[in-house]
Amino acid sequence: MVAAVEKGAPAWAPDPVRSLAPETLGPGAAAVKVVIVGGGIGGLATAAAFHRQGWDIEVLERAAEFTEAGAGLTIQPNGLRALDLLGIGDVRRIGRIADPPSGIRAENGNWLIRNDVEALKHRFGQWVTVHRADLIDLLLTAIPAETLRPGAEARQVHPDGTVVHTAGTTSGDLVIGADGLHSSTRRTLWPTAPQPRYAGYTTWRFLAADRAVTASVETWGRGARFGQVPMPGGRVYCYAMANAPAGSRAGAADLRERFRRWHDPIPALLETIVDETVLQHDTYELPDLPRFVAGRVALLGDAAHAMTPNLGQGACQALEDAATLVEKVTALGIGAGLAAYDRARRARTRMVVRRSRQAGAPAHWTNPILAGLRDAALPRIPGAVFGRSITPAYTWPN
Ligand SMILES: Cc1cc2nc3c(=O)[nH]c(=O)nc-3n(C[C@H](O)[C@H](O)[C@H](O)COP(=O)(O)OP(=O)(O)OC[C@H]3O[C@@H](n4cnc5c(N)ncnc54)[C@H](O)[C@@H]3O)c2cc1C
């Protein structure tokens, strides 16, 4: 099934779609089955959308249940448009319709960048903050329970659509590898592809309660930053990031100590947490893949293009992937649809991965001279320049 590797592609890149006859499964074909590996935001959104098109679906999830650990998520204007296109539930009902981020402050509270919130809203539309578990629940309401297979971990995914997993073997006319950063789908189809790259900083997330926090803001220090995002119900989704070797761990007491001199209400927000409520993950980015597609299999979301969280775009891009994939495959059939998905998504996600990496880098400078120059220069940058740097991420579909 797998044809020769394309000229110019790395030796480890299997050939994708050419081996599939485009007419194999055209629009309107009956009883087409899609197997989705991974029941995160990307996988469930894709499953719900294919089900809505009348396709058979089966969702394999390695965890014992379909949910996400307790932290917030910002769905930006492009992510909201993708959800609207997918037509699988209105996240505005379960989330908080929020203002765009108000800007970036220094440790002492001085503004480094102050966004023109009204202009951003006018230009790009709505932002919504939501609890991740609530978003997963919303997506699950659009998927028949009998198609969900918790506790099924994919071990091998083959280009012909066969998936070997811990509960047996299943096969689909189309397989979606939405199994996240350390994707087994990617590993089995691209066994020698570069591994995810550690960004040099670790991230903590937690929810606090503080009705006085009404605007999203990020604060930058030297090699560390802190973000606060108002959520539905007076809760605040907080995240902190700090330079650290991969694998190092720190808890609530360390966070309180690290940020104790930062501006209000950061120390107060940290007072409310205990170790059990803090999630810590190291921050990774996936080096570019030469393709998102091999045979009947497409990678989607973090499995295809995991990025640093600096622009808050990872889930939004997974939703864009889902909307594009479902649109292309239902319109063109599987062979041509996958090729069109691959073309449409690789360049765009590559750009967002790069911008996200660049957007976060200055927060992690530790050299006092560099950090001082940063703090002196940023307030002088006109808002329009910042607007230009984020426009491409929010602007979708074009
Ligand atoms: C600190 C932080 C903050 C973020 N903030 C935002 C934000 O505000 N906005 C935003 O848009 N994005 C944000 N992101 C990014 C976002 O969380 C991810 O991009 C998004 O969750 C990716 O979804 P996914 O479905 O592709 O992958 P995942 O969420 O990783 O889901 C993968 C699923 O596959 C399952 N799985 C894994 N392996 C297998 C297997 N072999 N077989 C079966 N199942 C398997 C996993 O259990 C999981 O359920 C943030 C990320 C971080 C780290």
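Note that ligands are numbered from 1 as they come in the structure, with each ligand's atoms numbered from 1 the same way.
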Heavy atoms only: which of [options] lies closest to [atom]?
atom	options	result
atom 39 (C) of ligand 1	Asp179, Val37, Leu279	Asp179
atom 38 (N) of ligand 1	Arg149, Arg62, Gln76	Arg62
atom 6 (C) of ligand 1	Thr74, Leu73, Leu135	Leu73

Could you check whether any heavy atom of [X] sits closer than 4.0 Å to an atom of ligand 1, since that is the contact criterion I want to use?
X	value
His281	no
Ala152	yes
Tyr237	yes

Which residue supplies the protein heavy atom nearest to [atom], what is that atom called, and how far is it?
atom	value
atom 24 (P) of ligand 1	Gly42 N, 4.0 Å
atom 28 (P) of ligand 1	Gly180 CA, 4.3 Å
atom 42 (N) of ligand 1	Ala154 N, 2.9 Å
atom 5 (N) of ligand 1	Arg132 NH2, 3.8 Å
atom 48 (C) of ligand 1	Glu61 OE1, 3.5 Å
atom 16 (C) of ligand 1	Ala315 N, 3.7 Å
atom 34 (O) of ligand 1	Gly38 CA, 3.2 Å
atom 29 (O) of ligand 1	Glu68 OE2, 3.8 Å

Before signing off on this row, confirm whether [X] and ligand 1 have an N or O atom pair separated by under 3.5 Å.
X	result
Ala63	no
Ala318	no
Pro309	no

Can you see whether [X] engages [Y] through a side-chain donor-acceptor pair at a distance of less than 3.5 angstrom?
X	Y	result
Asn367	Arg374	no
Tyr239	Glu218	yes
Asn78	Gln313	yes
His305	Arg346	no
Glu107	Thr219	no
Asn108	His263	no
Arg345	Gln317	yes

Output yes when [X] and [Y] qualify as a salt bridge under the 4.0 Å nitrogen-oxygen rule, no when they do not.
X	Y	answer
Arg249	Asp282	yes
Glu61	Arg149	no
Arg348	Glu320	yes
Arg92	Asp84	yes
Asp160	Arg296	no
Asp173	Lys33	no

May I ask you to check whether over 12 heavy atoms, not counting those of Arg261, lie within 6.0 Å of atom CZ?
->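 Counting neighbours around CZ of Arg261, 12 or fewer heavy atoms of other residues, nucleotides or ligands fall under 6.0 Å, so no.
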
Sub-4.0 Å atoms of ligand 1 with respect to non-hydrogen atoms of [X]:
X	value
Ile41	25 (O)
Thr203	1 (C)
Gly301	26 (O)
Leu60	43 (C), 44 (N)
Gly40	25 (O), 31 (O), 33 (C), 49 (O)
Ala178	32 (C), 33 (C), 34 (O)
Ser184	41 (N)
Asp302	18 (C), 19 (O), 22 (C), 26 (O)

Could you walk me through whether Trp127 and Tyr394 pass ring pair (Phe, Tyr, Trp, His ring centres under 6.0 Å), step by step?
-> CA-CA 10 Å; Trp127 271 248; Tyr394 298 155; 5.1 Å; yes

Considering only heavy atoms, does Gln317 approach ligand 1 within less than 4.0 Å through its side chain, its backbone, both, or neither?
->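 Looking at Gln317 and ligand 1, no heavy atom falls under 4.0 Å.
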
